[in-house]
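The structure appears below as structure tokens.
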Amino acid sequence: MSETHPVAEADLHAYADGLLDEAARSRVEAHLAEHPEAARMVADWQAQNDGLRNAFAGYATTRPSDLQLVAGAKTASPPHRLAMVAATVLVFSLGGLAGHFGPQIFGKPTPQTAIEALPQEARNAYLIYASEVRHPVEVFADQEAHLATWLGKRLSIDDMKVPNLQTLGFKLVGGRLLPVADKPGAMFMYENETGQRITVLVGRNEDNRETSFRFASAENVETFYWIDGALGYAVTGDIPRDLLQQIAEECYRQFPT
């Protein structure tokens, strides 16, 4: 059967989000009945929407709060980096506090600074893309050099490096460009042999004058994040906290200063 009014991808997104009127919805449903692949894609989008709503439903009335676990000097010179890596041990040893304050961090309705926005945006990116089967990234691992060059240019990082986490059991899936605090940001995705995925987010904030390590937790998703000069980093995953610590430390060693 030919379609008088072709259904565009924007129509499919609007259908998944429940934004169509009855006539448009009927037209899209007829299209989906004839195109099983499109129907599966829309079902995936609807499942992602439900997952995001369920993930954040518990934090709607949480009082905004924050916890700075470790704060360093205003600038991060190379001699300080080993001390900062060592500070991650303190962050994770305070896991009980982090578990208590983490949901409050994610519950902030209107983050005002990059360090406040970073963990929630990292978690959002993880929830949206880590479960994606066909299109988890824009550029896959077989084009790693191009990925580093492309994202480095967009973030104004001359020596952008894609962390190698194979010694910790995670291989690069690829990466994508996405907004972080309303500016271009980068996301790298990794996967282990059992299919568990983690994401590493990089964002730029030229106004930053603080270097700090922080930890946030909500549901089973945990994020370790830090600001180093004008760049912010976040490692997110549904993995044991000690492994997340090792991954964050390794990323910190490999990212440019």
Side-chain angles (χ1 to χ4, degrees), residues 48 51 55 69-70 81-82 84-96 98-99 102 118-119 121-152 157 159-178 180 185-203 213-226 228 231-257:
Q48 290 175 0
L69 297 177
V70 180
R81 291 180 64 83
L82 289 178
M84 291 173 65
V85 171
T88 63
V89 178
L90 173 60
V91 172
F92 284 90
S93 70
L94 295 176
L118 190 58
E121 296 202 5
R123 186 172 189 268
N124 287 348
Y126 174 82
L127 290 174
I128 292 171
Y129 296 115
S131 61
E132 182 68 34
V133 176
R134 296 186 63 183
H135 306 288
V137 295
E138 290 179 277
V139 178
F140 283 87
D142 59 351
Q143 300 181 59
E144 182 177 338
H146 165 64
L147 177 65
T149 302
W150 171 50
L151 294 179
I157 301 174
D159 56 345
M160 169 67 88
K161 294 180 176 61
V162 181
N164 186 327
L165 304 177
Q166 293 193 42
T167 58
L168 296 172
F170 283 85
K171 291 185 177 181
L172 180 69
V173 175
R176 66 169 58 244
L177 179 73
L178 77 179
V180 177
M187 186 198 76
F188 303 112
M189 183 180 294
Y190 299 82
E191 185 177 77
N192 65 11
E193 291 183 352
T194 65
Q196 283 186 305
R197 287 177 171 176
I198 62 162
T199 56
V200 178
L201 201 72
V202 184
F213 287 103
R214 303 185 188 186
F215 178 78
S217 177
E219 299 289 331
N220 295 323
V221 179
E222 305 191 5
T223 297
F224 183 75
Y225 61 109
W226 65 97
D228 191 357
L231 298 175
Y233 304 90
V235 180
T236 304
D238 181 3
I239 60 174
R241 189 172 298 175
D242 59 345
L243 180 56
L244 186 71
Q245 173 189 352
Q246 295 177 54
I247 292 170
E249 290 176 350
E250 188 59 35
C251 288
Y252 185 80
R253 292 187 186 99
Q254 295 187 36
F255 276 127
T257 58

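Any value given below was found using the heavy atoms of this structure, including those in side chains, with hydrogens, waters and symmetry copies removed.
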If I take atom [atom1] from residue [X] and atom [atom2] from residue [Y], how far apart are they, to the nearest 0.5 angstrom?
| X | Y | atom1 | atom2 | value |
| --- | --- | --- | --- | --- |
| Leu244 | Phe215 | CG | CZ | 6.0 Å |
| Met187 | Glu121 | CE | CD | 13.0 Å |
| Thr236 | Met189 | OG1 | CE | 11.0 Å |
| Thr223 | Arg214 | OG1 | CZ | 13.5 Å |
| Leu147 | Phe140 | CG | CZ | 11.0 Å |
| Gln143 | Trp150 | CD | CH2 | 10.5 Å |

Self-check item: Pair Phe255-Val200, side-chain contact (heavy atoms from CB on, under 4.5 Å): steps then yes or no
Solution: CA-CA 11 Å; Phe255 276 127; Val200 178; 3.8 Å; yes

Quiz item: Do Gln246 and Glu250 meet the criterion of a side-chain donor-acceptor pair at a distance under 3.5 Å?
Solution: no

Using every non-hydrogen atom in the two residues, find where [X] and [Y] come nearest and quote the distance to one decimal.
| X | Y | value |
| --- | --- | --- |
| Gly152 | Met160 | CA-CB, 3.7 Å |
| Leu178 | Ala125 | CD1-CB, 3.7 Å |
| Arg197 | Glu132 | NH1-O, 2.8 Å |
| Leu165 | Cys251 | CD2-SG, 4.1 Å |
| Gly185 | Leu177 | O-CD1, 3.3 Å |
| Asn192 | Thr194 | OD1-OG1, 2.9 Å |

Quiz item: Are side-chain heavy atoms of Phe170 and Ile247 found at a separation under 4.5 Å?
Solution: yes

Practice problem: Return the orientation label for the Trp226 and Tyr252 ring planes: parallel under 30°, perpendicular over 60°, tilted otherwise. | Solution: perpendicular

Quiz item: Does atom NZ of Lys161 have more than 12 heavy-atom neighbours from other groups under 6.0 Å away?
Solution: yes

Quiz item: Just by distance, do the side chain of Tyr225 and the backbone of Leu201 share a donor-acceptor pair under 3.5 Å?
Solution: no

Self-check item: Candidate list Asn164, Leu172, Val173, test side chain to side chain contact (heavy atoms under 4.5 Å, CB included), partner Tyr190, passing option
Solution: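 Single pass found, and it is Leu172.
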
